[in-house]
Amino acid sequence: MSAIDVVGLHKRYRDTVAVDDVTLSVGRGEIVGLLGRNGAGKSTTVACLAGLRRPDRGTVRVLGLDPRRDRTRIRQVLGVQLQESYLHHALTVRELVRLYRSFYRDGIEPDQIIEAVGLSEQRGTRFEQLSGGQQQRLSIALALVGKPRVALLDELTTGLDPEARRHLWEHVATLRADGVAVLLVSHHMDEVRRLCDRVVLLDRGRVVAEDTPEGLIRQAGLGQRVRFRITDPARTAALDAVLTPLTDVDDIEVAGTQVTVTGRGELLEGVSTALAAAGIAATETRLEQATLDDAFLALTGRPLDDSHTGSEPRS
C-alpha cells in the first residue's frame, strides 16, 4: 500500500469542476511533484488529502486512513504546509513551534526545526512582524515539527531568496531518506526536477501525464538541440550528407550559417565528431536540453505561467 492513495477524486464548486477523476499515489520515501497552472486542481487535491475538503466522489487515503473520518489519528502522521497560513499574530516563532510540537506524541525539538528552516535569529519575533518569506519558513517548520510520516507541501519556497530555497531543498531531501512520503506542489521547475522522483501533471482538473521529470520530457517528444555556426557558407550544402546518417539526429535546420540539429543520446559528441571528420569548421557550438517548461507546454498546449486562467477556491 502506498502512503498516499487517491483514486477517482472528483470535486465541484457550484458550476466549476476543480478536480475531475484524479488518481495518484505516493510511496514511502518518495517525493512526488504535483504540477499545474493556477486553477488546475492542485490545491483542491491537497485540501482533500488534508481533510479540509470533502470529495464529491472517489477515495482519498493517507496511510490507509480517511482524512475526514480518521481525523484524530491522521493528525499524528500527517504534516501539512499550505500556501496561506493563519496563525496567532502575537505569538513568537518559538512559541508557535512549541505549541505545535505539543500536539504530537513524538517530534523534533523546537529549536532544532527552527534552525533547520533558517529562523534562529527570528525565534523571539512575533508572527505579525515576520516577512512573507519568514512566515513561509515558519509554516514549513510547523508542518514538520511532529516528524510526520506523510508531508503535503504546497508551494514550498514561494517568496524565498535563492539561498533559503536551497537550504529548504536540502531539508526536504532528508525527508526522503527518513522514509517520509512527500507530495510537493510547486511552480518552480528547477525545484521539481531537483527534488521529485515522479511528477503528476494536472491540467483543467485532470491528470494529463505522470512520469519522472526526464520521462515527461521524453513523453512530450522533446530532445536535445545542438546549435552552431559554420564559418564557410559554401559548406552548408554538405551538412545533410554529413549529419543525417547519425543515429541520434532527428532533424536539421539551416538558416544562413546558423545550424540547429535536434536529436537525442550523445548528440553533441556525434555532431562535433562528424563535422571534424568532414573538415567543416563550426563556432559558437552549444547544447540545449529540453526543460520541464518545454514538456509542460508540449503536453498541455499552454505555458505553465499562463495568466489567463482562473484560480480554484482556496481552503
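The shortest side-chain heavy-atom distance between Ser25 and Ile4 does not fall under the 4.5 Å cut-off. Residues Val182 and Val26 are not in side-chain contact: their nearest non-hydrogen atoms beyond the backbone lie 4.5 Å or more apart. Taking the side chain as every heavy atom from C-beta outward, Ile217 and Asp211 never approach each other to under 4.5 Å. Counting heavy atoms from C-beta on, the side chains of Leu183 and Val200 never come closer than 4.5 Å. Counting heavy atoms from C-beta on, the side chains of Thr260 and Val226 never come closer than 4.5 Å. Between Asp197 and Thr212, every side-chain heavy-atom pair lies at or beyond the 4.5 Å cut-off. Inter-residue side-chain proximity for His171 and Ile113 is flagged as met; some heavy-atom pair is nearer than 4.5 Å. In this structure the side chain of Val207 never reaches within 4.5 angstrom of the side chain of Leu201, judged on heavy atoms.
Remark: Arg57 does not engage Asp21 in a salt bridge, criterion side-chain N to carboxylate O under 4.0 Å. A salt bridge links Arg193 to Glu214: at least one charged side-chain nitrogen sits closer than 4.0 Å to a carboxylate oxygen. Between Arg12 and Asp20, no side-chain nitrogen of the basic residue sits less than 4.0 Å from a carboxylate oxygen of the acidic one, so the salt-bridge criterion is not met. Ion pairing between Lys11 and Asp56 holds under the 4.0 Å rule for side-chain N and carboxylate O.
Shown here for Gly205 and Val22, the closest heavy-atom pair between the two residues is O-CG2, 3.3 Å. Smallest separation of non-hydrogen atoms from Gln76 and Tyr104: OE1-CA, 3.5 Å. Nearest heavy-atom pair across Pro148 and Val180 is O-CG2, 3.4 Å. Annotation for Leu292 and Leu216: closest pair CD2-CD1, 4.1 Å, computed over non-hydrogen atoms. Contact detail for Gly118 and Arg137: the closest heavy-atom pair is O-NH1, 3.1 Å. The two residues Leu35 and Lys42 come nearest to each other via the heavy atoms C-CD, 3.9 Å.
When the side chains of ILVMFWY residues are joined at heavy-atom separations under 4.5 Å, either directly or via intervening members, Val192 and Leu297 end up in two distinct hydrophobic clusters. Under the 4.5 Å side-chain heavy-atom criterion for ILVMFWY residues, no single connected hydrophobic cluster contains both Val17 and Val6. When hydrophobic clusters are built by joining Ile, Leu, Val, Met, Phe, Trp and Tyr residues whose side-chain heavy atoms come closer than 4.5 Å, directly or via intermediates, Leu24 is grouped together with Leu63. Val150 and Val7 end up in different hydrophobic clusters when Ile, Leu, Val, Met, Phe, Trp and Tyr side chains are linked at under 4.5 Å.
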Under the criterion salt bridge (charged side-chain N to carboxylate O under 4.0 Å, His left out), I'd like the reasoning laid out for Arg286 against Glu288: C-alpha separation, chi angles, the key distance, then a yes or no.
CA-CA 7 Å; Arg286 65 184 185 275; Glu288 298 176 355; 3.1 Å; yes

Verify side-chain contact (heavy atoms from CB on, under 4.5 Å) between Trp169 and Asp190, making sure each step is shown before the conclusion.
CA-CA 11 Å; Trp169 288 349; Asp190 54 343; 3.6 Å; yes

Report the C-alpha distance between Asp154 and Ser43 in whole Å, list the side-chain angles of each, state the deciding distance to 0.1 Å, and finish with yes or no for side-chain contact (heavy atoms from CB on, under 4.5 Å).
CA-CA 7 Å; Asp154 194 350; Ser43 293; 3.4 Å; yes

Could you give me the CA-CA distance, side-chain angles and deciding distance for Leu152 and Leu78, then say whether side-chain contact (heavy atoms from CB on, under 4.5 Å) is met?
CA-CA 8 Å; Leu152 308 177; Leu78 178 65; 3.8 Å; yes

As a quick check of understanding, evaluate side-chain contact (heavy atoms from CB on, under 4.5 Å) for Leu91 and Phe127, giving each step before the final call.
CA-CA 6 Å; Leu91 294 181; Phe127 179 78; 5.9 Å; no

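With hydrogens and angles ignored, the 3.5 Å screen pairs no side-chain donor or acceptor of Gln136 with any backbone N or O of Gly133. When atom types are taken as modelled, the side chain of Thr44 and the backbone of Gly41 share no donor-acceptor pair closer than 3.5 angstrom. A donor-acceptor pair under 3.5 Å is absent between the side-chain atoms of Glu253 and the main chain of Val261, judged by distance alone. Between the side chain of His89 and the backbone N or O of Arg126 there is no donor-acceptor pair closer than 3.5 Å. A donor-acceptor contact shorter than 3.5 Å is absent between the side chain of Thr125 and the backbone of Leu130. Although no hydrogens or angles enter the test, the distance criterion places no donor-acceptor pair under 3.5 Å between the side chain of Ser2 and the main chain of Asp5. Side-chain N or O atoms of Asp70 include none that pairs as donor or acceptor with a backbone N or O of Pro67 at under 3.5 Å.
For Arg54, the CZ atom sits in a loose shell: 12 or fewer heavy atoms of surrounding residues, nucleotides or ligands are nearer than 6.0 Å. Annotation: Arg227, atom CZ; neighbour count of heavy atoms from other residues, nucleotides and ligands within 6.0 Å is above 12. Within a 6.0 Å sphere centred on CD of Glu115, other residues, nucleotides and ligands contribute 12 heavy atoms or fewer.
A side-chain donor from one of Arg37 and Thr300 sits under 3.5 Å from a side-chain acceptor of the other.
Partners of Glu210 by side-chain hydrogen bond (donor to acceptor under 3.5 Å, both in side chains), not counting sequence neighbours, listed by chain and number: Arg198. Scanning for side-chain hydrogen bond (donor to acceptor under 3.5 Å, both in side chains) contacts around Arg149 gives an empty result, with sequence neighbours left out. Partners of Asp111 by side-chain hydrogen bond (donor to acceptor under 3.5 Å, both in side chains), not counting sequence neighbours, listed by chain and number: Arg94, Arg123. Evaluation of the side-chain hydrogen bond (donor to acceptor under 3.5 Å, both in side chains) rule for Ser186 yields Glu191 as partners, not counting sequence neighbours.
Of the residues Arg61, Arg73, Arg71, the one that meets the side-chain contact (heavy atoms from CB on, under 4.5 Å) test with Asp66 is Arg61.
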Atom pairs and distances, donor-acceptor, side-chain atoms in residues 272-284, under 3.5 Å, two or more places apart:
residue	atom	partner	partner atom	Å
Ser272	OG	Leu268	O	2.9
Thr273	OG1	Glu269	O	2.8
Thr283	OG1	Arg229	O	3.4

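In this structure, CZ in Arg165 is found 9.5 Å from CG in Leu156, a value given to the nearest 0.5 Å. We find the CG-CD1 distance between Leu65 and Ile74 to be 5.0 Å, quoted to the nearest 0.5 Å. Residue Leu34 holds its CG atom at 12.0 Å from CG of Leu153, rounded to the nearest 0.5 Å. Rounding to the nearest 0.5 angstrom, the gap separating the CD atom in Gln135 from the CG atom in Leu96 is 10.5 Å. The CG atom of Leu243 lies 11.0 Å from the CG atom of Asp251; values are rounded to the nearest 0.5 Å. Separation of atoms OG (Ser131) and CD (Gln122) is listed at 7.5 Å; rounding is to 0.5 Å.
The side chain to side chain donor-acceptor pair (under 3.5 Å) analysis of residues 235-249, with sequence neighbours excluded, yields no pairs.
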